[in-house]
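To keep things clear, I will list the structure first and then write my remarks on it.
The first residue in the sequence is number 1, and the count goes up from there. The analysis underlying the following values was restricted to heavy atoms, covering all of them including side chains, and did not include hydrogens, waters or symmetry mates.
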Amino acid sequence: MSVPYQQTGNQLDYQEIKQTKADLKAEIHFIGQIVGGLDFQTDDGLFCELAIDCGDGWDLLQPGNNKGIQTQTSYANPGQLFSWCHPFDLHFSVSNIIGWPKALLKVWRLDSSNKIDACSYGTSIFPRSAGYHQMTCETWTPTGENLDLEIRKPNEDLATNTDQFSKFDRSLDWRFQALSFYMENPPRLTTLAPLTTDKGDFARRKILNSISNGKVIIEVEVILKNFKRLSFSGQ
């Protein structure tokens, strides 16, 4: 790094100062788009929410992105692709690489009566090397067994029922299946804690029963800064 020069006569005297590791800060950009959803067996509209889970050494430099990213509602084309093409730009300052960022995905369904229900969930760790990457995140839907589940009455406003949770045991699982089949009101997770990295509820994750659903395609370009100089490695 060059510091401001000192002028002596007609000559310019440049003084070089070496930067130490303490003067540097590792940074990383994830720039890309949520391309779309594939193989979701529904004719209703779908939209996707993306939240970020990362370790304490990761500081997101655009605080507004902490609230998550939400796409528009899209309907399937003949190839069963729900096209979203929603851009994102995540810029992190990194003090240590513990807790590499993970995408927490929630896919929502909008039916013909304008009712919104959670369709599926998924997680995917962001790439650890620089360059272009395509991420394919397989998603799943909880079946309602052994979980705290949020059950919303038909046509009830989503925003008014966020704190109304009910707990049911395994013997009542058939009620969830009947409700999901006849009312098209699938079970939901009351919290994303079972999906998170270092704060995850592993006990709850063990008893999480689910069925596979579609997949979400994400394209991302990774740009690393000062990782080599600080001897950081995402591998």
Side-chain angles (χ1 to χ4, degrees), residues 1-3 17-38 46-72 74 82-108 118 120-140 189-202 204-205 214-235:
M1 175 182 176
S2 297
V3 299
I17 294 182
K18 295 182 179 179
Q19 283 186 320
T20 63
K21 289 187 177 181
D23 299 323
L24 300 176
K25 194 75 172 181
E27 298 180 28
I28 185 169
H29 287 265
F30 299 105
I31 303 173
Q33 63 175 338
I34 307 174
V35 177
L38 191 63
L46 297 180
F47 64 92
C48 180
E49 287 184 354
L50 185 152
I52 304 298
D53 174 50
C54 56
D56 295 333
W58 296 75
D59 295 322
L60 188 60
L61 300 183
Q62 300 104 336
N65 286 330
N66 285 332
K67 299 179 181 179
I69 301 167
Q70 179 180 313
T71 72
Q72 79 284 0
S74 177
F82 294 82
S83 181
W84 295 316
C85 298
H86 190 88
F88 61 84
D89 183 356
L90 304 172
H91 182 195
F92 289 93
S93 175
V94 186
S95 58
N96 65 73
I97 61 173
I98 298 175
W100 196 273
K102 175 193 289 188
L104 307 181
L105 299 172
K106 184 190 294 185
V107 180
W108 294 85
S120 63
Y121 303 84
T123 63
S124 185
I125 297 177
F126 281 96
R128 299 172 182 264
S129 58
Y132 168 82
H133 304 269
Q134 184 179 87
M135 303 162 55
T136 301
C137 178
E138 303 286 346
T139 68
W140 44 267
L189 299 179
T190 60
T191 174
L192 295 181
L195 311 182
T196 56
T197 304
D198 54 348
K199 305 169 186 174
D201 188 345
F202 297 107
R204 177 178 285 186
R205 187 184 303 179
K215 60 188 71 173
V216 175
I217 309 299
I218 299 175
E219 293 180 344
V220 61
E221 189 84 24
V222 181
I223 303 174
L224 305 176
K225 179 181 179 182
N226 292 330
F227 269 60
K228 283 188 176 181
R229 298 186 68 177
L230 292 172
S231 301
F232 282 0
S233 174
Q235 304 300 321

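S124 and M135 get closest at one heavy-atom pair: OG-CE, 3.3 Å. For I52 against P101, the heavy-atom pair with the smallest separation is CG2-CB, 4.5 Å. Shortest non-hydrogen contact noted between V94 and F232 is O-CE2, 4.0 Å. Considering all non-hydrogen atoms of both residues, T139 and S120 come closest at OG1-OG, 3.1 Å. Closest of all the heavy-atom pairs between V222 and P127 is CG2-CB, 4.0 Å. Closest of all the heavy-atom pairs between N226 and K25 is ND2-O, 3.0 Å.
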Hey, mind stepping through W100 and F126 against ring pair (Phe, Tyr, Trp, His ring centres under 6.0 Å) and telling me if it holds?
CA-CA 8 Å; W100 196 273; F126 281 96; 9.3 Å; no
Would you sort out whether F88 and I218 count as a side chain to side chain contact (heavy atoms under 4.5 Å, CB included), showing the intermediate values?
CA-CA 10 Å; F88 61 84; I218 299 175; 3.9 Å; yes
Should D89 and H29 be marked as a side chain to side chain contact (heavy atoms under 4.5 Å, CB included) after you check the CA-CA gap, both sets of side-chain angles, and the distance that decides it?
CA-CA 7 Å; D89 183 356; H29 287 265; 3.9 Å; yes
Report the C-alpha separation of H91 and E27 in whole Å, then their side-chain angles, then the decisive distance to 0.1 Å, and conclude whether the side chain to side chain donor-acceptor pair (under 3.5 Å) test is met.
CA-CA 7 Å; H91 182 195; E27 298 180 28; 2.7 Å; yes
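Note that the CG atom of L38 and the CD atom of E138 stand 9.5 Å from one another [nearest 0.5 Å]. Between the CD1 atom of I125 and the NZ atom of K102 there is a distance of 5.5 Å, given to the nearest 0.5 Å. Atom CD1 of I217 is separated from atom SG of C137 by 9.0 Å, given to the nearest 0.5 angstrom. Rounded to the nearest 0.5 Å, atoms CZ (F92) and CD1 (I97) are 14.5 Å apart. With rounding to the nearest 0.5 Å, the separation of NZ in K228 from CG in L230 is 13.0 Å. Rounded to the nearest 0.5 angstrom, E219 CD and Q134 CD are separated by 5.5 Å.
The environment of I31 atom CD1 is dense: over 12 non-hydrogen atoms of other residues, nucleotides or ligands sit within 6.0 angstrom.
Using a 4.5 Å cut-off on side-chain heavy atoms (C-beta onward), F82 and V216 make no contact. At least one side-chain heavy atom of L50 sits under 4.5 Å from a side-chain heavy atom of I34. Between Q33 and H86, every side-chain heavy-atom pair lies at or beyond the 4.5 Å cut-off. Taking 4.5 Å as the limit, every side-chain heavy atom of E49 sits out of range of all side-chain heavy atoms of I69. For the pair Y121/V107, no side-chain contact is recorded, criterion being any heavy-atom separation below 4.5 Å from C-beta on. Within the 4.5 Å cutoff, the side chain of C48 has heavy atoms near those of the L105 side chain.
Aromatic ring centres of F47 and W84: separated by at least 6.0 Å.
A donor-acceptor pair is defined here as one N or O able to donate and one able to accept, closer than 3.5 Å; such a pair exists between the side chain of S95 and the backbone of G57.
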